[in-house]
Amino acid sequence: MGFFDKVRNGLKKTKDGLIRNIETVIIGYAKIDEDFLEELEMVLLSGDLGVRTTDYLMRQIRRGVTEGDIHNTNEVMPFMEKLVVEMLSEGSKEEEITHHPEVYLVVGVNGVGKTTTIGKLSAQFRKEGKKVLLAAADTFRAAASEQLTIWAERTGADIVKHSEGADPAAVAFDAVTAAKARNVDVVLIDTAGRLQTKVNLMEELAKISRVVKKVIPDAPHHTVLVLDATTGQNAVSQAKNFGDIVPLTEVILTKLDGTAKGGVVLSIHEELHVPIRWIGLGEREDDLQKFQPREFAKALFETEDHKLEISTKI
Ligand SMILES: Nc1nc2c(ncn2[C@@H]2O[C@H](COP(=O)(O)OP(=O)(O)O)[C@@H](O)[C@H]2O)c(=O)[nH]1
Ligand SMILES: [Mg+2]
């Protein structure tokens, strides 16, 4: 299955919720009037797009109507799709790997999918023929490093782990040292994100970063925040909190398959100014996709009716 079909399947719940609700409003009104616009706004707000994104879209739609780009309610959906593509494409230029090894520090609260996502990333990098090393710096529970060990075995990656309760920074230090010695291409550092206070977490992540730099001065090259899409707008506030703790370079949004709150992609994009780099669409190793704005928007807005309508026009 290609990116498009995977994303389309993964977004099924969001399409059944948000997109169907938009369609219902569109079908319910013969022409664009104030009632129509108000109802549309309500649907967007309840679809986890967030206030800022909804305001932006509604402003553009109103402008589209006055300037003659939108003539009837049927033209609203394609117009929105275009806006969403533009929004998501902003600043989405992809970075080439230029470091050796390339070090990823993966952060986020407990349960969002960090360890699973690291396993999936490991699988992808291994498929590209890269040598991968996983660092089990979530030393909170033995189960956490066992989970990572399974992923290491499954994907043919090396792993560095210590015993339960060990210093996470010591694990990270050993991992990057080993990576350098073994000519590893990619290091993925798993962390706990369970600490009692923001200050503790900040200190722990800062310490990991510091010891990594002792071995590789410009690492970590990526500080990736993992967010769980099923938490909707909560994910946005989590991201703001983490952004205060560590400078983030990218976001991975997991569990899009399990939620109708896929609109949160737009909210994260608009409010965080940190690019979404990958999206999680299931629990299996190939259920992680590079985020492609245009395809994502297409997969989101394309519906059966929509397709039908296009084909009858042609
Ligand atoms: N449906 C679905 N489940 C996911 C996805 N990513 C992770 N999970 C599940 O989320 C749960 C928590 O994942 P885990 O990696 O242990 O989270 P961590 O505490 O952040 O390391 C596990 O049951 C994963 O299988 C995803 O993209 N889709
Ligand atoms: Mg974990």
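Since this is a predicted model, take the numbers as computed values, not measurements. Counting starts at 1 for both ligands and their atoms, following the listed order. For this chain, numbers begin at 1 and follow the sequence in order.
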Check: So, is Asp190 polar-close to ligand 1, with some N/O to N/O distance under 3.5 Å?
Finding: no
Margin query: Show me which atoms of ligand 1 lie under 4.0 Å from any heavy atom of Gly280.
Written below: 27 (O)
Note to self: If the condition is ring-ring contact (aromatic ring centres under 6.0 Å, His included), which residues does Phe4 pass it with, not counting sequence neighbours?
What the structure shows: none
Notebook entry, point to check: Are the charged groups of Lys213 and Asp218 less than 4.0 angstrom apart, N to O?
Noted result: no
Margin query: Tell me whether Thr117 has any N or O atom under 3.5 angstrom from an N or O of ligand 1.
Written below: no
Check: Is Ile61 linked to Tyr29 within one hydrophobic cluster, defined over Ile, Leu, Val, Met, Phe, Trp and Tyr using a side-chain heavy-atom separation of less than 4.5 Å?
Finding: yes
Notebook entry, point to check: By number and element, which atoms of ligand 1 are closer than 4.0 Å to a non-hydrogen atom of Asn110?
Noted result: 19 (O)
Note to self: Within this structure, what is the CG-CE distance for the pair Leu40 and Met58, rounded to the nearest 0.5 Å?
What the structure shows: 4.5 Å
Check: Counting each atom of ligand 1 from 1 as listed, which ones have a heavy atom of Leu281 under 4.0 Å away?
Finding: 27 (O)
Notebook entry, point to check: Does Thr254, backbone or side chain, put an N or O under 3.5 Å from an N or O of ligand 1?
Noted result: no
Check: Can you list the atoms of ligand 1 that are under 4.0 Å from a heavy atom of Thr116?
Finding: 7 (C), 13 (O), 14 (P), 15 (O), 24 (C), 25 (O)
Item checked: Salt bridge present between Asp5 and Arg8 (N-O < 4.0 angstrom) -> yes
Checklist line | Nearest-neighbour protein heavy atom for atom 12 (C) of ligand 1, which is reported as residue plus atom name and distance | finding: Gly111 O, 3.6 Å
Next item on the list: Apply the ring pair (Phe, Tyr, Trp, His ring centres under 6.0 Å) test between Phe296 and each candidate in Phe291, Trp278, Phe301; give the one that qualifies.
Entry: Phe291
Note to self: Measuring from non-hydrogen atoms of Gly282 to any atom of ligand 1, is the shortest distance under 4.0 Å?
What the structure shows: yes
Item checked: Lys114/Asp138 salt bridge by N-O under 4.0 Å criterion -> no
Check: Among protein heavy atoms, which sits nearest to atom 3 (N) of ligand 1, and what does the distance come to when rounded to 0.1 Å?
Finding: Glu283 CG, 3.2 Å
Next item on the list: If a pair satisfies salt bridge (charged side-chain N to carboxylate O under 4.0 Å, His left out) and one of its residues is in residues 228-240, list it, with sequence neighbours excluded.
Entry: Asp228-Lys255, Lys240-Glu271
Check: Looking at side-chain heavy atoms only, is the closest gap between Leu227 and Phe242 below 4.5 Å?
Finding: no
Note to self: Please report the interatomic distance CD1(Ile279) to CG(Leu253), rounded to the nearest 0.5 Å.
What the structure shows: 7.5 Å
Notebook entry, point to check: What residues form a side-chain contact (heavy atoms from CB on, under 4.5 Å) with Arg182, not counting sequence neighbours?
Noted result: Lys131, Leu133, Asp158, Ala178, Val184
Next item on the list: Provide the tally of protein N/O/S atoms nearer than 2.8 Å to the Mg ion (ligand 2).
Entry: 1
Next item on the list: Identify the protein heavy atom lying closest to atom 8 (N) of ligand 1, giving its residue, its atom name and the separation to 0.1 Å.
Entry: Lys255 CE, 3.8 Å
Next item on the list: Could you pull out, from Lys114, Gln289, Lys120, the option with a heavy atom nearest to atom 18 (P) of ligand 1?
Entry: Lys114
Item checked: Any Gly258 heavy atom less than 4.0 Å from ligand 1 -> no
Notebook entry, point to check: Any sub-3.5 Å donor-acceptor pair from Lys12's side-chain atoms to Gly258's backbone N or O?
Noted result: no
Next item on the list: Number the atoms of ligand 1 from 1 as they appear, then name those within less than 4.0 Å of a heavy atom of Thr115, with their elements.
Entry: 15 (O), 21 (O)
Check: Do Arg63 and Glu67 meet the salt-bridge criterion of a basic N to acidic O distance under 4.0 Å?
Finding: yes
Margin query: Pairs of nitrogen or oxygen atoms closer than 3.5 Å, one from Gln147 and one from ligand 1: do any exist?
Written below: yes
Note to self: Tell me whether ligand 1 is touched by Asp257 - counting only heavy atoms on the residue side and a distance under 4.0 Å.
What the structure shows: yes
Margin query: In this structure, is the centre-to-centre distance between the rings of Phe125 and Tyr104 below 6.0 Å?
Written below: yes
Item checked: Which residue and heavy atom of the protein sit nearest atom 17 (O) of ligand 1, plus the separation -> Gly113 N, 3.0 Å
